[in-house]
Amino acid sequence: MKTITGKTVVLTGASGGIGVFIARALAREQATVVGVSRSKESLEQICAEIEIAGGRSISVPFDISNLEELSVLVQQIHELAGPIDILINNAAIEKYRPFQNYTLKDIQSILTTNLLAPMELSRVILPSMVDRNSGHIVNIASGSGKKGAPYNSIYSASKAGMIMWTDAIRQELANTNVGVSVVCPGYTSAGMFLKFGLPAPNLARVSRPLDVAIAVIQAIKKNQGEVILDGVLTRLLFSNIQLFPNFGDAIYRWIGLTNLNRTCAENQMRDENSVQN
Ligand SMILES: NC(=O)c1ccc[n+]([C@@H]2O[C@H](COP(=O)([O-])OP(=O)(O)OC[C@H]3O[C@@H](n4cnc5c(N)ncnc54)[C@H](OP(=O)(O)O)[C@@H]3O)[C@@H](O)[C@H]2O)c1
């Protein structure tokens, strides 16, 4: 899709973190941004900001983990904004734990929000894109989907699933004008990782949320299959772990990622315990 101007874009997770930067970047491209997330107030705030800056946006508060209701959400968006040209599956959640400490509910909610909801939204929206022979889906995954992130294993599995699912449907749609991209941010100075208040490992590149937003816009305009925002060393690691997975484990221990994630899990469990007591 060469231009985003005038297109209707559904963006999940528009209310916080990286989503806000993607929403602003889309508005600068003169797209109509349909923001979806649970918190009505934060959504309305970003939509108001876009309108004040001269852009077009619509807020649709919705919990995407209600899978059975997603077709109703899409119908509602059609009525408010017309056909959907671009879908950006950005909303996600994560929870750090040693794997055996997750509850079944944790596993279900992370996989539902991060993987099943993007799949179901795409399944419902795609037929109209294929019929019109025009459209683009961008899935926001993560470097954690390229190499397992210890103590964040369910999130990692959801993002790995997203990367492979994107790879498969991109091939199915190759002879159409419907593009599919997966964008994999690494550490980013906004959003979920920032909430821990801990520094990223020394050798890891930290992207700005604006870099992720620019990557999303470029992925659509250039119809890029996969975009990885990590630095060269991490990309080299990702490319080599297919052959040498244990080498990747050693690198993660060496740069301090394994310890960092264990600390995130300990802090999260401590904070949750103190809220419960
Ligand atoms: N930040 C990073 O370092 C980083 C690194 C790699 C990849 N990523 C990926 O980048 C994307 C954005 O992450 P972020 O860091 O911006 O996360 P974030 O700050 O935690 O924001 C997540 C967004 O998703 C929405 N959301 C969560 N659950 C939802 C649900 N059930 N229904 C509807 N909306 C929901 C949230 O809004 P409500 O709470 O109002 O629903 C919020 O707008 C994610 O896919 C994440 O995996 C982030």
Side-chain angles (χ1 to χ4, degrees), residues 10-25 33-47 59-70 73 77 87-96 105-106 108-118 120-121 138-147 149 152 154-163 166 181-201 204-213 215-216 219 226-231 234 238 257 260-261 264 268:
V10 173
L11 170 65
T12 67
S15 63
I18 296 170
V20 171
F21 291 81
I22 300 174
R24 287 181 188 140
V33 184
V34 182
V36 178
S37 69
R38 292 166 299 185
S39 50
K40 188 169 181 277
E41 224 168 85
S42 321
L43 254 190
E44 281 172 357
Q45 211 172 316
I46 175 69
C47 287
S59 70
V60 186
F62 198 87
D63 182 342
I64 60 164
S65 67
N66 292 321
L67 299 179
E68 281 78 15
E69 301 295 318
L70 288 176
L73 167 71
I77 295 171
L87 167 65
I88 304 177
N89 287 308
N90 167 67
I93 53 173
E94 65 175 359
K95 190 168 188 173
Y96 286 74
K105 208 171 155 221
D106 290 333
Q108 284 169 331
S109 73
I110 296 167
L111 292 180
T112 300
T113 304
N114 296 8
L115 185 58
L116 299 186
E120 176 58 4
L121 264 179
V138 182
N139 292 321
I140 309 296
S142 166
S144 301
K146 287 280 174 190
K147 160 88 189 147
N152 203 6
I154 313 302
Y155 173 82
S156 229
S158 72
K159 297 299 185 180
M162 190 174 227
I163 292 168
T166 312
S181 307
V182 65
V183 173
C184 302
Y187 289 100
T188 306
S189 60
M192 44 178 62
F193 180 68
L194 197 71
K195 288 171 196 156
F196 286 101
L198 293 166
R205 172 195 281 182
V206 179
S207 300
R208 297 170 308 158
L210 179 62
D211 299 328
V212 182
V216 169
E226 181 176 277
V227 181
I228 298 176
L229 278 112
D230 277 298
T234 310
F238 291 160
L257 185 147
L260 171 66
N261 283 13
C264 290
Q268 214 166 39

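Keep in mind the model is a prediction, meaning the values are calculated, not measured. We count ligands from 1, going down the list as the structure has it; atoms in each ligand are counted the same way.
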Quiz item: Under a 4.5 Å cut-off applied to non-hydrogen side-chain atoms, are R24 and I46 in contact?
Solution: yes

Exercise. Measure the spacing between CD1 of I22 and OG1 of T12 and express it to the nearest 0.5 Å.
Key: 8.5 Å

Quiz item: Are Y187 and L257 side-chain neighbours, meaning at least one heavy-atom pair lies under 4.5 Å?
Solution: yes

Quiz item: With hydrogens left out, which residues have an atom under 4.0 Å from ligand 1, given that only heavy atoms count?
Solution: G13, S15, G16, G17, I18, S37, R38, S39, F62, D63, I64, S65, N90, A91, A92, I93, T113, I140, A141, S142, Y155, K159, P185, G186, T188, A190, G191, M192, F193, K195

Quiz item: Do side-chain atoms of E94 reach the backbone of Y155 as a donor and acceptor pair under 3.5 angstrom?
Solution: no

Exercise. Could you pull out all residues at least two apart from D211 that satisfy salt bridge (Lys or Arg N to Asp or Glu O under 4.0 Å)?
Key: R208

Self-check item: Under 3.5 Å donor-acceptor, N139 side chain and I163 backbone
Solution: no

